[in-house]
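Heads up, the thing below is written out as structure tokens.
Just so it is clear: chains get the letters A, B, ... in the order the sequence lines come, proteins before strands, and each one is counted from 1. Bear in mind the structure is a predicted one, so any value in this text is a computation, not a measurement. Basis for what follows: all heavy atoms, side chains included, without hydrogens, waters or symmetry-related copies.
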Amino acid sequence: PQAGSLGREDVRNCSSNPPFLPVTAVNTTMRLAALRQQMQAWNLSAYIITDTDAHMSEYIGKHDERRAWISGFSGTAGTAVVTMRKAAVWTDSRYWTQAERQMDCNWELHREGDIPSWVLAEVPAEGRVGFDPFLMSVDFWENFDLELQGSKRYLVSITTNLVDLAWGSERPPLPSQPIYALPEEFTGSTWQEKVSTVRSYMKNHTMAPTALLLSALDETAWLFNLRSSDIPYNPFFYSYTLLTDSSIRLFVNKSRLSLETLQYLNTNCTSSMCVQLEDYSQVRDSVKAYASGDVMILISIEYTNYGLYEVIPKEKVVINMYTPVMGIKAVKNSKEQALLKASHVRDAVVVIQYLVWLEKNVPKGTVDEFSGAEYIDDLRRKENFSSGPSFETISASGLNAALAHYSPTKEVNHKLSSDEMYLVDSGGQYWDGTTDITRTVHWGTPTAFQKEAYTRVLMGNIDLSRIIFPANTPGRILDALARKALWEVGLNYGHGTGHGIGNFLCVHEWPVGFQSNNINMNKGMFTSIEPGYYQDGEFGIRLEDVALVVEAKTKYPGAYLTFEVVSFVPYDRNLIDVSLLSPEHLQYLNRYYQTIREKVGPELQRRQLLEELAWLEEHTKPLSA
Amino acid sequence: MAPRTTSLASLWVASTLAILSWSN
């Protein structure tokens with residue numbers, strides 16, 4: 001493999017004279033000047049701009065895209081800090097090239113190193129470091145505060161957001177679409193059943209909390225089986241829930257609920273199964289008032305913002321990494337499992353239709369990354385129960401695929417060609433489930449290195465998918481299996497190995513996954529399995545499937561688990577080097593291909609998609625060494 | 001879609017909790 005080429009014109013070069021900025025860079029000079037004016041008024045030496053909203057959402061509404069507005073960098077993860085002289089962004093390897101494409105030379109990009117150390121170096125003693133308490137999790141604040149202790153630099157909570165003041169009238173408005181109840185056929189249990197289950201968890205909790213504060217948007221959406229569209233690709237609405245053993249308080253913009261939805265929630269009473277509506281903006285005052293009594297409030301350290309935490313006396317708060325709702329939601333019941341699986345069969349039809357279309361049209365030279373993304377998005381929208389894509393489609397050809405989260409635009413994209421590898425990572429939101437799948441293909445002659453890298457990524461996917469492990473094993477213990485085949489030859493990937501997925505909820509549904517802050521694996525959980533390999537400046541590979549955690553049959557008795565893959569699209573035979581695969585790999589692959597035929601074949605037949613059916617049969621023929 | 005790698009800041013707290021639950 002060759003190192004990424006120098007002198008590229010797609011990224012900035014701030015060390016050249018004059019500095020080089022690509023067309024994609026955003027001029028932030030005026031924006032920074034406006035923010036620094038506000039910082040001066042508040043006597044701040046630095047101001048922290050996080051990448052999230054008041055609910056610690058991974059994907060946020062346009063009006064919450066403060067870090068993107070001030071820095072130009074639009075990736076979903078990354079924190080900015082602005083001082084009177086400097087401005088800096090920290091982000092992970094998925095977004096380094098994107099940041100170099102979008103930021104101008106006012107900004108430093110930090111690929112590593114922690115933010116508090118930089119703040120300690122840049123802010124003078126007695127300096128005040130401002131932040132919006134609603135946009136920082138308790139976890140983030142505690143870590144930051146710990147680092148600054150004894151340094152004579154002080155974190156200052158300011159409830160007025162200074163970026164918003166600088167943004168002014170250009171800031172997009174708040175959403176106001178209706179909030180609706182999901183039809184019963186698409187829910188695993190009624191909201192009353194869910195409330196009862198959560199209450200019994202609270203009762204059995206060692207700290208016996210009197211109330212549970214739900215801050216993450218998917219927690220409230222799940223609990224009440226309600227949905228809306230406040231955040232792109234996510235069917236959520238801005239809300240909090242304060243649940244006690246005798247009351248339910250839902251903080252929301254009431255005008256967005258129809259009379260029918262109000263009745264569904266029993267809002268005209270105050271007993272234990274009635275939902276009392278309070279205005280969204282009242283949550284801080286209401287939590288503060290509730291906390292003045294003889295109470296104990298359970299919160300999540302990851303999802304609760306510091307603005308709510310700071311109004312609860314410390315002796316009245318129980319901090320857990322995740323709320324019981326997160327844990328209960330992660331284990332899908334049999335109805336939810338069936339719903340999620342059904343959505344994956346329809347989604348496989350979409351991806352297969354797309355791959356067949358690409359095979360016909362790429363050689364004609366008529367497809368680019370953007371038109372491809374539009375095509376697959378349109379296919380999904382035509383499916384039953386569709387509510388659009390579950391994230392911005394990643395359609396990346398050649399070197400662009402080396403950026404794990406690259407998405408093309410109408411203006412800037414790359415033509416698909418038989419000479420390059422192509423990666424498509426996409427998913428749908430359907431009323432019965434959320435999907436997410438990645439396939440990488442090559443329609444011409446791949447290099448030996450590309451075939452080896454692809455096959456090793458596939459080996460990692462198979463090694464993890466077929467593992468048998470004890471119940472309640474932490475995902476992080478399994479993570480190395482997905483990397484083993486790559487590590488053996490000195491290759492790796494810079495992102496996580498997988499994530500939970502929701503029933504018409506988050507595409508990245510925490511806390512299931514393979515990292516240290518994920519919960520232990522148990523029956524009924526769904527996770528993605530997605531190893532990859534990225535050769536900077538050349539190509540990228542990712543093979544992603546969604547799998548259900550199921551009981552494993554073992555020779556000796558015991559509680560053992562394995563994965564049942566529910567994504568049903570074959571891999572690219574053109575990129576598989578069978579000589580690298582073990583007999584176990586081949587046996588697994590051929591069994592998986594048989595399952596694809598059984599699950600998707602009848603659906604293609606039913607719809608008379610005969611070309612796609614022929615393609616499926618061809619691409620799922622048994623492989624041999 | 002590829003998930004981010006856990007930030008080092010929260011790794012310590014998370015590991016402590018995970019080890020506790022694992023040994024239980």
Check: Quick one: what part of A:D436 sits under 4.5 Å from any heavy atom of chain B, side chain, backbone, both or neither?
Finding: side chain

Next item on the list: Name all residues meeting the side chain to side chain donor-acceptor pair (under 3.5 Å) criterion together with A:D51; count only those two or more places apart in sequence or in a different chain, and write none if there are none.
Entry: none

Check: Can you name the nearest heavy-atom pair linking B:A2 to A:H508, along with the distance?
Finding: O-CE1, 3.5 Å

Checklist line | Test item: B:M1 and A:S528 side chains (from C-beta on) under 4.5 Å apart, heavy atoms | finding: no

Notebook entry, point to check: Which residue out of A:E147, A:E142, A:H495 racks up the most heavy-atom pairs below 4.5 Å with chain B?
Noted result: A:H495

Notebook entry, point to check: Which pair of non-hydrogen atoms, one from B:P3 and one from A:Q515, has the smallest distance, and what is that distance?
Noted result: CB-NE2, 4.3 Å

